[in-house]
Number of protein chains: 2
Amino acid sequence: MERPSINLNFSKESARGGQTAAKTIKGSQSVYRAIAVLRGVARHHHTGITSTELCDKLDLTPATTHRLLQVLLSENILTVDPYSKKYHLGLELYLLGSAAHDFAVREHLAVHLDNLRRLSGATVFLFVRSGADSLCLRRIDGDSAIVGLTIAEGSRRPLGVGAGGLALLAAESNRMVEKVLRSNTSLYGNYFDVSIEEIWRWVEATRKRGFSFNDGRLKTGVRAVGIAVGPPSERPVAAVSIATDDTRLTEALRIEFEQLLRVQFENQEKSLLNLDEKLFGGLR
Amino acid sequence: MERPSINLNFSKESARGGQTAAKTIKGSQSVYRAIAVLRGVARHHHTGITSTELCDKLDLTPATTHRLLQVLLSENILTVDPYSKKYHLGLELYLLGSAAHDFAVREHLAVHLDNLRRLSGATVFLFVRSGADSLCLRRIDGDSAIVGLTIAEGSRRPLGVGAGGLALLAAESNRMVEKVLRSNTSLYGNYFDVSIEEIWRWVEATRKRGFSFNDGRLKTGVRAVGIAVGPPSERPVAAVSIATDDTRLTEALRIEFEQLLRVQFENQEKSLLNLDEKLFGGLR
DNA sequence: TTGGTCTTTCCATATTATGGTAATTAGGTT
DNA sequence: AACCTAATTACCATAATATGGAAAGACCAA
């Protein structure tokens, strides 16, 4: 398992408001700042970062920075080397992060996603099921960006929406599909205009074919091919999809994508079986 | 790598003040609360937890809880399933925690520590070097608790103090030992009353013997045997020590502990070499 | 539908986080 | 060693802002 990279924007203004900077929840300013501090330290974890460096980067006063650092320190979220005065991430943060162990699929499948990205040239997604949603864990953009793409890492959509979400849904038992569709009924309208029965047909088509296919019926106008990956005859660990713009996905290309997916995951059962054990009972 | 456990105290009053509840940094109340919320969610990550459940557990008002949840949500530290209204840990927290990758030694050596605990019946420690300190990553209490034991997980002591810290120090180069001793000089008085030259002799004895030995010279009155573990002829990844009360560690027992340590780690070079690569350049 | 529970918003108030200043400590230079 | 400079930490009056009550809005189950 390789070290995952931190993808955070870490600029001057990041002390207030997060990456989805648009909506900053009123109140709790200090929590935002604390998170900014945390990110700052995370970015320099291996080498360590001093209080003043953080002041500069985050544009906070020394006093505030110091106070926040003390709080995080007292909770063992951070650690400080008293001699170099450099701050590092603490054991507590590691444990907290480790509790979100589900996301380890990210690293386990990283190499496959990179392969797919390279071989297809298209945008590649990784999803897991989380409740009645599919949760995007990773997105590697293709050679040409897909316009109007809303699926960010960490974002959710109801299961059944999009190739990834459909692959995950189709891999569930009928009982579960039923349950999911019921609880999501009112939401599908945001994505397409079809009946629940129609989604059932998609599920069945997906099962028969072994791949999910999004033929551009989504309002976003993206076309994609998806596959559920996981140990044989078990519920899937995740779903991977390859997506391009509406216009680009010809029938030939679709078949090529299916081939790529098949090849990439066909001998992964054993390693996924192992992984499955850890992940089951997780978010889902 | 098994899922690490969260050891957090998660009681009513944990919303204010952390585990080292004694010193609550004045100001930044909301940060403490946010961390409490985070812990609350972490504890129920797999199943998810609702806003009201958190209210009860943390003894916060619905409004406050909701606001904090929104902040953490907006930073992707948390995730919510909009249908079940249950909160889970988010991708961002996972990435943040993954940045503290150093601590993965915890899991890599976990089974060995458990073995040692079982075979020795004594208290077992895991340390890594962090700057001029030894940082305790894990402590598994023995059959009988050691009285007055101050070494908590996440706590630091100057390198050279205690069996673990001495093992780590002795494994460093002479140049580094020199540097560490210089920067820590004024602090050793808190632990024992010996000269720097005496510590140098301990270092040399440790190197010759292959084990560090704390013969109760510490003010805490604990005796312990330690060993540095890591790939051959490289700087060590960590140190492991077995400790008991002052009175219990007879010469025979000491030799037994050395045997246990030797056996436990003697064929680990290859796996540690691999680990070493990831960890180097980390905290140290 | 209705009733009840859980979630979310709003707002005046008092709590409490803030940043200026100052004291202390550390690091580097002559 | 003794200086100087820079960084870190403590203090405190003030203003900003997080707080919790109450009420509105969702949601679910009869």
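Throughout, a chain's letter reflects where its sequence line sits, starting with A, and its residues are numbered from 1.
With hydrogens and angles ignored, the 3.5 Å screen pairs no side-chain donor or acceptor of A:Thr206 with any backbone N or O of A:Ser212.
For the residue pair A:Glu92 and A:Ile77, the shortest heavy atom distance occurs at CB-N, 3.9 Å. Of all non-hydrogen atoms in A:Ala167 and A:Ala239, the two that sit nearest each other are CB-CB, 4.1 Å.
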Table of protein N/O atoms under 3.5 Å from nucleotides 5-9 of chain C N/O atoms:
{"unit_1": "C:dT7", "atom_1": "OP2", "unit_2": "B:Thr52", "atom_2": "N", "d": "3.1"}
{"unit_1": "C:dT7", "atom_1": "OP2", "unit_2": "B:Thr52", "atom_2": "OG1", "d": "2.0"}
{"unit_1": "C:dT8", "atom_1": "OP2", "unit_2": "B:His66", "atom_2": "NE2", "d": "3.4"}
{"unit_1": "C:dT8", "atom_1": "O5'", "unit_2": "B:His66", "atom_2": "NE2", "d": "3.2"}

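Donor-acceptor pairing under 3.5 Å is recorded for the side chains of B:Glu198 and B:Trp202. Side chain to side chain, A:Ser30 and B:Ser30 meet the donor-acceptor criterion of an N or O pair below 3.5 Å. With hydrogens and angles left out, the side-chain atoms of B:Thr50 and B:Glu53 include a donor and acceptor closer than 3.5 Å.
Put simply, CZ on A:Arg33 is 13 Å from C1' on D:dA18, counting in whole angstrom units. The distance between atom CG of A:Leu54 and atom P of D:dT9, rounded to the nearest whole Å, is 12 Å. Distance, A:Gln29 CD to C:dT16 C1': 13 Å, rounded to whole Å. In this structure, A:Tyr32 atom OH and C:dA17 atom C1' are separated by 17 Å, rounded to whole Å. Rounded to whole Å, the distance from CG on B:Leu68 to C1' on D:dG20 is 13 Å.
In the helix from C:dT8-D:dA23 to C:dT30-D:dA1, the terminal helix axes, each the rotation mapping four pairs' C1' atoms onto the next four within five end pairs, subtend 60°, rounded to 10°.
Under the 30°/60° scheme for interplanar angles, the aromatic rings of A:His45 and A:His88 are found to stand perpendicular.
Under 4.0 angstrom from either OP1 or OP2 of C:dG19 there lies at least one side-chain N or O belonging to A:Thr64.
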For this session: Mind running side-chain hydrogen bond (donor to acceptor under 3.5 Å, both in side chains) on A:Tyr32 and B:Ser74 for me, showing each step along the way?
Result: CA-CA 10 Å; A:Tyr32 279 111; B:Ser74 78; 3.1 Å; yes
